[in-house]
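A quick note: this is a predicted structure, and the numbers were derived from the prediction, not measured.
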Amino acid sequence: MSSQAELPYTAERDQAFALLRQEAESTDGWEEFGNEHGVKMEKKYFPGDDGSALPLVRGRGIVNGLTPRQFLALVVNPGSRKFWDERLEEGRTMERYTLTELKFHSIQKGVKFLVSPREIVGRQGRVTKDDGTIELAQTSIDDGSSAPSGRVRATLTLGGWVIRPHEDGVDVTYMVKANPNGSIPSAAANRLVTEIPGCIFKASEVYSKRGFPPYVSDGIRSSIVTEELDYPAKKFTLTITAKGGDVFDMFYDAGIMYPKDSAVVQVSDGGATVTKDGSGKVKIEIGQELDGKQIQITVKP
């Protein structure tokens, strides 16, 4: 496996993490502009930003009933993100470098006759600390491509999460610094600034109604090809290129999404075994004969 330094766009990724860690707890220059549903809403302006740049926006709040990894699954999977992030039209992984490092593409909805849709091509990284805190940072990269006609390529300096264990669930910090790169009405810009920190509460509402989506443990040695979630249908499909002899865990919501552990877990090939523990954890064992084959693992009601 390649070291972090050898992966593409590492400098951009590291700059995003530096800003995330610098500003997650900082009080310098921050202005509180609201507190809704227990989420503290703050913004910070940077000297030299051009007229179209948004301030760095930060939301901080507690979400009950989840572990950091469960909350992460809720906010990063595009299939569930669409339900708490009304601006997201489409999100996908363009290239996966490791389990936690990837290149992504996202499209944000526009406003008819007023604001063109925006898109971002970016780099994402994730770090899990010894105390269980998860840090995730996204930032724009220049891969030589350009936005198609009708869309504008926005610049994402930072889209970042710090998700800490808390006695009631998770203590969440969400920060975004972006430049839409073009004229948008001031009312739309102001609404966007307000919506960003409010996403924490919206995500918690989505969880309380739908649960968190399934996810795979960091111990997997097989290569993930795609993760597809049909949230309303409660169907999750993981496609992997199998590593013979691999043994890993998958986790799902055995309370809200699949009440009373009603999930059915299936593997597309008979060379793998599935063992459920009855509380939302399933062990997948890949036979040696599947080495190099592409297989699917499905979780559904």
Side-chain angles (χ1 to χ4, degrees), residues 17 20-27 30 32-43 56-86 88 100 126-138 158-176 194-219 229 231 234 236 249-263 276-282 299:
F17 269 109
L20 178 71
R21 291 162 181 163
Q22 173 185 305
E23 298 295 345
E25 297 295 325
S26 171
T27 58
W30 284 94
E32 183 174 349
F33 64 90
N35 192 312
E36 297 182 4
H37 306 291
V39 176
K40 188 175 183 180
M41 309 163 77
E42 302 166 291
K43 59 185 177 181
L56 176 60
V57 184
R58 181 172 69 186
R60 293 190 284 182
I62 305 298
V63 178
N64 296 328
L66 288 158
T67 67
R69 189 62 184 84
Q70 292 167 350
F71 185 80
L72 180 76
L74 175 70
V75 297
V76 300
N77 191 308
S80 52
R81 178 164 186 150
K82 288 181 179 180
F83 285 79
W84 60 262
D85 183 356
E86 297 174 356
L88 182 67
T100 60
R126 171 165 62 89
V127 173
T128 302
K129 296 187 173 182
D130 292 341
D131 67 353
T133 295
I134 295 175
E135 297 175 333
L136 182 136
Q138 296 180 326
L158 173 65
W161 296 90
V162 180
I163 311 167
R164 304 175 184 85
H166 185 272
E167 59 184 357
D168 296 320
V170 288
D171 183 346
V172 179
T173 299
Y174 180 42
M175 294 195 295
V176 174
T194 302
E195 287 176 351
I196 289 169
C199 286
I200 295 175
F201 174 69
K202 289 181 180 178
S204 71
E205 280 196 310
V206 169
Y207 164 67
S208 67
K209 295 175 182 177
R210 296 181 178 272
F212 65 85
Y215 63 92
V216 65
S217 69
D218 289 350
L229 174 66
Y231 212 17
K234 304 180 181 181
F236 174 79
D249 295 325
M250 289 182 64
F251 300 88
Y252 55 87
D253 190 333
I256 300 174
M257 194 167 184
Y258 305 103
K260 299 180 181 180
D261 195 30
S262 56
K276 293 173 61 179
D277 77 346
S279 61
K281 177 180 176 181
V282 56
V299 185

Engineer: Looking at side-chain heavy atoms only, is the closest gap between Pro197 and Val57 below 4.5 Å?
Structural biologist: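 They are in side-chain contact.
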Engineer: Report the C-alpha separation of Phe33 and Lys43 in whole Å, then their side-chain angles, then the decisive distance to 0.1 Å, and conclude whether the side-chain contact (heavy atoms from CB on, under 4.5 Å) test is met.
Structural biologist: CA-CA 7 Å; Phe33 64 90; Lys43 59 185 177 181; 3.8 Å; yes
Engineer: Are the side chains of Arg126 and Asp218 in touch, meaning some heavy atoms are under 4.5 Å apart?
Structural biologist: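 They are in side-chain contact.
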Engineer: Only one of Tyr215, Tyr258, Phe212 passes ring pair (Phe, Tyr, Trp, His ring centres under 6.0 Å) with Phe251; say which it is.
Structural biologist: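 For Phe251, the ring pair (Phe, Tyr, Trp, His ring centres under 6.0 Å) test succeeds with only one of Tyr215, Tyr258, Phe212, which is Tyr215.
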Engineer: In terms of side-chain geometry, is the basic nitrogen of Lys202 or Glu195 positioned less than 4.0 Å from the acidic oxygen of its partner?
Structural biologist: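 No.
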Engineer: Applying the side-chain contact (heavy atoms from CB on, under 4.5 Å) criterion to Val176, which one of Leu158, Ile196, Leu56 satisfies it?
Structural biologist: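 By the side-chain contact (heavy atoms from CB on, under 4.5 Å) criterion, Val176 pairs with just one of Leu158, Ile196, Leu56: Ile196.
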Engineer: Within 45° of the six-membered ring axis of Tyr231 and under 6.0 Å from that ring's centre, is NZ or CZ of Arg210 located there?
Structural biologist: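 Yes - Arg210 lies over the ring of Tyr231, closer than 6.0 Å to its centre and within 45° of its axis.
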Engineer: Taking Met41 as the fixed residue, which of Glu36, Arg58, Arg60 is the one that meets the side-chain contact (heavy atoms from CB on, under 4.5 Å) rule?
Structural biologist: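 Of Glu36, Arg58, Arg60, side-chain contact (heavy atoms from CB on, under 4.5 Å) with Met41 is met by Glu36 alone.
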Engineer: Quick one: does any side-chain atom of Tyr207 pair with a main-chain N or O of Gly65 as donor and acceptor, under 3.5 Å?
Structural biologist: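 A pair under 3.5 Å: yes.
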Engineer: Is any side-chain heavy atom of Trp30 closer than 4.5 Å to a side-chain heavy atom of Glu23?
Structural biologist: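 Sidechains of Glu23 and Trp30: in contact.
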Engineer: Val170 and Leu66: which non-hydrogen atoms are nearest, and at how many Å?
Structural biologist: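 The answer is CG1-O, 3.4 Å.
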Engineer: Quick test of your reading of the model: are Lys281 and Asp277 salt-bridged, counting only N-O distances below 4.0 Å?
Structural biologist: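 Salt bridge flag = no for Asp277 with Lys281.
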Engineer: Is any side-chain heavy atom of Glu135 less than 4.5 Å from a side-chain heavy atom of Phe17?
Structural biologist: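 Side-chain contact under 4.5 Å: yes.
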Engineer: When you compare the side chain of Ser80 with that of Leu229, does any pair of heavy atoms fall below 4.5 Å?
Structural biologist: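 Contact flag for Leu229/Ser80 side chains = yes.
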Engineer: Taking distance alone, no hydrogens or angles, what donor-acceptor pairs closer than 3.5 Å link side-chain atoms of residues 160-169 to residues at least two apart or in another chain?
Structural biologist:
from   : atom 1 : to     : atom 2 : distance (Å)
Arg164 : NH1    : Thr173 : OG1    : 3.4
Arg164 : NH2    : Glu25  : OE2    : 2.5
His166 : ND1    : Asp168 : N      : 3.0

Engineer: Please tell me if the side chains of Val127 and Thr100 come closer than 4.5 Å, counting only heavy atoms from C-beta onward.
Structural biologist: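 SC-SC contact between Val127 and Thr100 ruled out.
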